[in-house]
4 protein chains.
Amino acid sequence: MTKEEVLKNYRVGEILEAARRTIGRFGYEGCTVDRVAEEAHIAKGTIYLYFPNKDEMLHSAVVEGLRALTKELRSSDDASAPPIDRLLTLIKEMFRIQRAHEDFVKALILDSRFVSYEPGDRREEELRKVYLEMLDHLSSVLEGAMKDGAVRAIDPHLAAFMLSEMTSAALKRRLLGMNSEPVAAEEQTVLELFLYGVRGIRPAETNGR
Amino acid sequence: MTKEEVLKNYRVGEILEAARRTIGRFGYEGCTVDRVAEEAHIAKGTIYLYFPNKDEMLHSAVVEGLRALTKELRSSDDASAPPIDRLLTLIKEMFRIQRAHEDFVKALILDSRFVSYEPGDRREEELRKVYLEMLDHLSSVLEGAMKDGAVRAIDPHLAAFMLSEMTSAALKRRLLGMNSEPVAAEEQTVLELFLYGVRGIRPAETNGR
Amino acid sequence: MTKEEVLKNYRVGEILEAARRTIGRFGYEGCTVDRVAEEAHIAKGTIYLYFPNKDEMLHSAVVEGLRALTKELRSSDDASAPPIDRLLTLIKEMFRIQRAHEDFVKALILDSRFVSYEPGDRREEELRKVYLEMLDHLSSVLEGAMKDGAVRAIDPHLAAFMLSEMTSAALKRRLLGMNSEPVAAEEQTVLELFLYGVRGIRPAETNGR
Amino acid sequence: MTKEEVLKNYRVGEILEAARRTIGRFGYEGCTVDRVAEEAHIAKGTIYLYFPNKDEMLHSAVVEGLRALTKELRSSDDASAPPIDRLLTLIKEMFRIQRAHEDFVKALILDSRFVSYEPGDRREEELRKVYLEMLDHLSSVLEGAMKDGAVRAIDPHLAAFMLSEMTSAALKRRLLGMNSEPVAAEEQTVLELFLYGVRGIRPAETNGR
DNA sequence: GATGAATGAGCGTTCATTCAT
DNA sequence: AATGAATGAACGCTCATTCAT
């Protein structure tokens, strides 16, 4: 990597971070080029040296943010541990990471751009791809647990997607001011709901494992 | 109701429907007054005869749409049936209604305005209220099933919220092009996931009941 | 005059009165067709049965209002009285009439349409004509006083115009919140200023006559 | 002052001049942002780089214009001259300045915004203040002449206001096409009217001084 | 490369005018 | 004749994008 490329990567990273902060603070709609530039302490025009337009910049910000979340999730995973333990750890990590990047995840939830309004959009495809990478990891862990018999036979991709949505939903519920319990208890309930459903008999032992 | 009121209600309804269609097609951001007017086959100015401003119109479109969904869900409920049957029927109805109003629900999913960026907003409050009414219905059915022992002890409001989110998630997954199975099979899987979780044994009888 | 014409005159009069009240309350800019219609307790469209457009209506309202003021001023004049007495009476009447129609005169002062921005405008001509009629009356009285020697040789039209402007200015000053004295005293000062200027000796008898 | 400030001041000045010209040509109501921008040979958006909104811009244009007139008037005053001479010079200067800035003064006369329809408006207050500064200068000269006995005892503020209005009225009369004499003669007549009133005996010597 | 002043298309909104009833 | 719902041109203003410095 040349010196120029290093500098370029640095600038791009700074801008994307500023963009994510701005999205977190003002939402997608309120995220103007002016605000991102101010947040990044650079001139407005400079952004256009690194991105062809606003949409591309915001897209990159989201994709990169999502990738970082996925990486963080993956790094906490111990592939040698028993599958069911891996699953439990994973879920707890999902909640933790979500809390750690609440503003950004909030923006993702509130202004989902996973599905664009123009089918076949290149950016939509990329976003989907990044999202699928995270889901693939979840589903592979689920499949491992399935082989162990710890988890019943179920479409692992569907289950992974639902798990992801349920954890997001927990944050959404909190943002809506509907949570009555402490966060930890709520998350535990969601975890048990995913594991045992509403009809499941005794989830007591999940605490221990 | 006088003739004028009938006409007014009709016009308001037409505009709100057009607004929902426009949101479905272009998203919240892309939903301009011009586009709604065009979709409703009226002049831009006409909208301002029925609504004080754009925000109020879009808010009404969402609230009314949500209310209609809730009403449709309620009307399918037989309060005299056994609670677990009511719950199963309810879930199946949720999927059916979602499919019947896909564009609107899509818009709700993609640009959630349940949480605004200005806390204490009057419209946010109303939206929340309408949403809570639907959740209250779900949770009351869940509580009935709990008393019967058909459902384990779990925060009914949290469970209702998760159920709502899981059904939305199913649509979202389809919109993302991630579904591989027929819709019916996918919905059955989500239903079972809500009932038994990933660890629960899939009982053959859930198909029948 | 046929029955239809009587009705038409009545309607026109009602609308013009409403227009003047609306101008007085909201100013020229704030005087919308909607507001005039509401003030006249008729439908908006009805106005267009009696006037080709808004401008014509407002013009008529002003012209008619001005004519009424002129008529009121004339009616108080006793042509057989000594010229100087007529002049004094006239000035006092000008102040009184101005006070009696303050809102309308205020609008005339604030948004003068005597000079339009399109030279040669038909309406401008008419407005000028009506205004000149009032000035002609003033100047004829002044000329009478000149022949008597009570007033020195001076362009009577110019003096009449200045007198009219000075009385308006008195109201303007009050509207600007610059008056410190009671209205009567202020008006007396203006009268004396017109009669004797700043250098002239203030003769005690002007109070009495 | 930095280079940026100089440029900014220049631009602001250009815009304000364009605004005054536009007011002069189309009146307050006809003075749209588009027209001002076109008159200034800049894009519409550029105006918003220098002013928060249209009202503020027009207000600044009027205030600045008025201040410039006041300054010009003041600069012609020789405080060491005999009061009556100062007064005569002042009045002649008022006429001259008025002629030199006819378009702008015309706009002031036609669409007076000294009295707004919303009392207590910040801008109204400022406008009044600037106007009062000019009047204060006039009245101080009048007071000086009063002490000398050259002018009789009269409320100096009222007299100053009337003088200002009389000079404006002269322009107004010309705009109305009512003047028959040369401008100089007309202005002389107004001056003598202010000094001696209509009853004053011999204004012949005012020519000489 | 970096800047930020300048641009102008596009937005939400108002309101004079029209016309079917 | 009277209505008022409907219209759409025109407004003030925002902001993504460009480009001379």
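Everything quoted here is computed from the prediction, not taken from an experiment. Residue numbering restarts at 1 for every chain, and letters A, B, ... go by the order of the sequence lines.
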With a 4.0 angstrom cut-off to heavy atoms of chain C, pull out the first and last contacting nucleotide of DNA chain F, in 5'-to-3' order.
F:dA2 to F:dA6
With a 4.5 Å limit on heavy-atom distance, are the side chains of C:Arg122 and C:Glu125 in contact?
no
Rounded to the nearest angstrom, tell me the gap between atom CZ in B:Phe26 and atom P in E:dG10.
14 Å
Show, in sequence, the C-alpha distance, side-chain angles and deciding distance for C:Leu108 and C:Phe104, and conclude whether the side-chain contact (heavy atoms from CB on, under 4.5 Å) test is met.
CA-CA 6 Å; C:Leu108 282 185; C:Phe104 178 62; 3.9 Å; yes
State which residues pass salt bridge (Lys or Arg N to Asp or Glu O under 4.0 Å) with D:Glu14; sequence neighbours excluded, sorted by chain then number.
none
Tell me every residue that passes salt bridge (Lys or Arg N to Asp or Glu O under 4.0 Å) with B:Arg67, counting only those two or more places apart in sequence or in another chain.
B:Glu126
Answer yes or no: is there a side-chain heavy-atom contact under 4.5 Å between B:Leu16 and B:Tyr50?
no
At under 4.0 Å between heavy atoms, what does D:Ile42 touch on the DNA or RNA strands: base, sugar-phosphate, or nothing?
sugar-phosphate
Hey, which of these two, B:Asn53 or A:Leu7, hits DNA chain E nearer its 5' end, going by closest nucleotide?
A:Leu7
If you pin C:Lys54 and B:Asp55 to their nearest nucleotides in DNA chain E, which one's is more 5'?
B:Asp55
After noting the C-alpha distance and the side-chain angles of A:Leu175 and A:Glu102, does the key distance pass the side-chain contact (heavy atoms from CB on, under 4.5 Å) rule?
CA-CA 10 Å; A:Leu175 293 171; A:Glu102 190 168 308; 4.1 Å; yes
Under 4.0 Å, counting only non-hydrogen atoms across every strand here, what does C:Arg11 touch: a base, just sugar-phosphate, or nothing?
sugar-phosphate
Considering heavy-atom distances to DNA chain F, does D:Pro52 or D:Arg35 have its closest nucleotide positioned more toward the 5' end?
D:Arg35
Using atom CD of C:Glu29 as one end and atom P of E:dT14 as the other, report the distance to the nearest whole Å.
16 Å
Between the CD1 atom in A:Ile15 and the CD1 atom in A:Ile47, the distance rounded to the nearest 0.5 Å is 5.5 Å
Distance from C:Met57 atom CE to C:Tyr48 atom OH, nearest 0.5 Å?
7.5 Å
Requiring both pairing distances under 3.5 angstrom, list the stems that contain DNA chain E and are made of three or more consecutive Watson-Crick or G-U pairs.
E:2-21 with F:2-21
Taken to the nearest whole Å, CG/A:Asp34 to P/E:dT3 is 14 Å
Any heavy-atom pair between the side chains of C:Leu58 and C:Phe51 that's under 4.5 Å?
no
Contact residues, residues 43-51 of chain D to DNA chain F [heavy atom, < 4.0 Å]
D:Lys44, D:Tyr48
Rounded to whole Å, OH of C:Tyr28 lies from P of E:dA16 at a distance of 14 Å
Per the salt bridge (charged side-chain N to carboxylate O under 4.0 Å, His left out) rule, what does the pair list look like for residues 35-52 of chain D, sequence neighbours excluded?
D:Arg21-D:Glu39, D:Arg25-D:Glu39, D:Asp34-D:Lys44
Just how far is it from atom CZ of C:Arg20 to atom OG of C:Ser60, taken to the nearest 0.5 Å?
9.5 Å
